[in-house]
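What you are looking at is a predicted structure, and each value in this text was computed from that prediction instead of being measured.
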Amino acid sequence: MTQIRVNPESVRGYGRQAGAIFAQIHTELTKLVDDVVGVHYFGPNAVDFKTKAGQLAADFAAKLHQDIAAMADAVRTSTSNIAASLGGTPISITVDNKAITPPTPAKVDYVDVDTEALTGLGPVVGNHFTALANHLATHQRALGATDWTGAAKNTAVEAVARLTTTASGHCQAAHQAISTYITDQVNASVAADR
């Protein structure tokens, strides 16, 4: 026999928290893209670098938005099943899936590279990815902490755990790609000045 219990306010509270967490993820992604494109680096190579790095970050943002939309859908499906059988309202989590478009890098007639700013971009990018990983973990814990037991919750928790693992993998891959690109650009800039 399976015990089924749903505290509607606990589940609604989770829905509000999840919506807020996903909004924070969107904000963090926007900051990531803006910081990558806004680094103090100007000239033809800088435009290429910022365009490619900005697109790497924007592509990652699109993948992560798909991951969190799938999480929201998994929760909606499970809470819809509970609502249908026990009464109540399914949880609908709002996910801002608006595309993040990198700003257009400024084109100038000179070259201006602050290698410290370019080198410092690595830790800035790292901080954004750490924040994203923390948001994903907080969301997963919030769902697990709901006052809700039964097969529907287990299904939702398992789906979100799988999707969180996928999203975390996307974070790691994107962080590595962007960091490598930054390091390569720093090395190229320093080598060109010898």
Side-chain angles (χ1 to χ4, degrees), residues 17-73 93-141 160 162-194:
Q17 185 179 5
I21 290 168
F22 291 159
Q24 291 170 330
I25 288 174
H26 183 81
T27 299
E28 198 69 44
L29 290 168
T30 302
K31 288 179 182 176
L32 168 65
V33 171
D34 289 347
D35 283 344
V36 166
V37 177
V39 68
H40 184 110
Y41 181 26
F42 302 96
N45 289 347
V47 171
D48 291 343
F49 166 77
K50 290 181 178 187
T51 300
K52 183 173 178 188
Q55 195 56 54
L56 283 170
D59 291 347
F60 160 67
K63 278 185 186 170
L64 194 57
H65 277 134
Q66 289 174 348
D67 294 338
I68 61 178
M71 289 180 206
D73 191 53
I93 302 167
T94 302
V95 176
D96 183 354
N97 62 356
K98 181 180 172 190
I100 296 176
T101 305
T104 303
K107 292 183 180 180
V108 296
D109 293 334
Y110 56 88
V111 174
D112 182 357
V113 182
D114 181 341
T115 55
E116 284 185 25
L118 206 50
T119 302
L121 184 59
V124 169
V125 165
N127 289 339
H128 288 303
F129 280 101
T130 297
L132 290 167
N134 289 340
H135 290 316
L136 290 169
T138 298
H139 169 255
Q140 188 172 356
R141 284 192 304 272
V160 167
R162 279 192 310 275
L163 291 163
T164 299
T165 298
T166 298
S168 297
H170 290 154
C171 283
Q172 291 168 359
H175 184 194
Q176 182 63 44
I178 293 170
S179 295
T180 298
Y181 194 55
I182 291 167
T183 300
D184 290 348
Q185 193 62 50
V186 169
N187 291 341
S189 297
V190 170
D193 191 40
R194 290 189 178 146

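In this structure the side chain of H65 reaches within 4.5 angstrom of the side chain of H26, judged on heavy atoms. No side-chain heavy atom of D35 sits under 4.5 Å from any side-chain heavy atom of V125. Side-chain atoms of P102 and D34, non-hydrogen and from C-beta on, never get closer than 4.5 Å to each other.
Distance check: T180 OG1 to Q185 CD gives 13.0 Å after rounding to the nearest 0.5 Å. Going from atom CG of L121 over to atom OG1 of T183 covers 9.5 Å, rounded to the nearest 0.5 Å. Between atom CD1 of residue I178 and atom CD1 of residue I182 there is a gap of 7.0 Å, rounded to the nearest 0.5 Å. For the atom pair CD of Q55 and OG1 of T51, the computed distance is 9.0 Å after rounding to the nearest 0.5 Å. Here the OG1 atom belonging to T119 is positioned 8.5 Å from the CG atom belonging to D114, to the nearest 0.5 angstrom. Rounding to the nearest 0.5 Å gives a distance of 3.5 Å between CD1 of I100 and OG1 of T30.
No side-chain donor from either of Q172 and S168 sits under 3.5 Å from a side-chain acceptor of the other. Counted by atom type alone, T138 and R141 present one or more donor-acceptor pairs between their side chains at under 3.5 Å. Of the N and O atoms on the side chains of H128 and H175, not one donor lies less than 3.5 Å from an acceptor on the other residue.
Residues V33 and A57 approach most closely at CG2-CB, 3.6 Å, considering heavy atoms. Looking at every heavy atom in both residues, V37 comes nearest to P103 through CG1-O, 3.4 Å. Pairing each heavy atom of L136 with each of C171, the nearest pair is CD1-SG, 4.2 Å. Between F60 and L32, the shortest heavy-atom contact is CD2-CD2, 4.2 Å. A pairwise comparison of heavy atoms in P44 and V111 identifies CD-CG2, 4.2 Å as the closest pair. Summarising the geometry of G54 relative to V36, their closest heavy-atom pair is N-CG1, 3.8 Å, with the distance given to 0.1 Å.
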Can T166 and R162 be said to form a side chain to side chain contact (heavy atoms under 4.5 Å, CB included), step by step?
CA-CA 6 Å; T166 298; R162 279 192 310 275; 5.6 Å; no
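No donor-acceptor distance shorter than 3.5 angstrom exists from the side chain of K50 to the backbone of F42, with no hydrogens or angles considered. Using a distance-only test at 3.5 Å, with no hydrogens or angles considered, no donor-acceptor pair links the side chain of H139 to the main chain of H135. For the pair K63 (side chain) and A174 (backbone), a donor-acceptor distance under 3.5 Å is absent.
Within 6.0 Å of atom CG in D109, 12 or fewer heavy atoms from other residues, nucleotides or ligands are found, so the atom counts as exposed in its surroundings.
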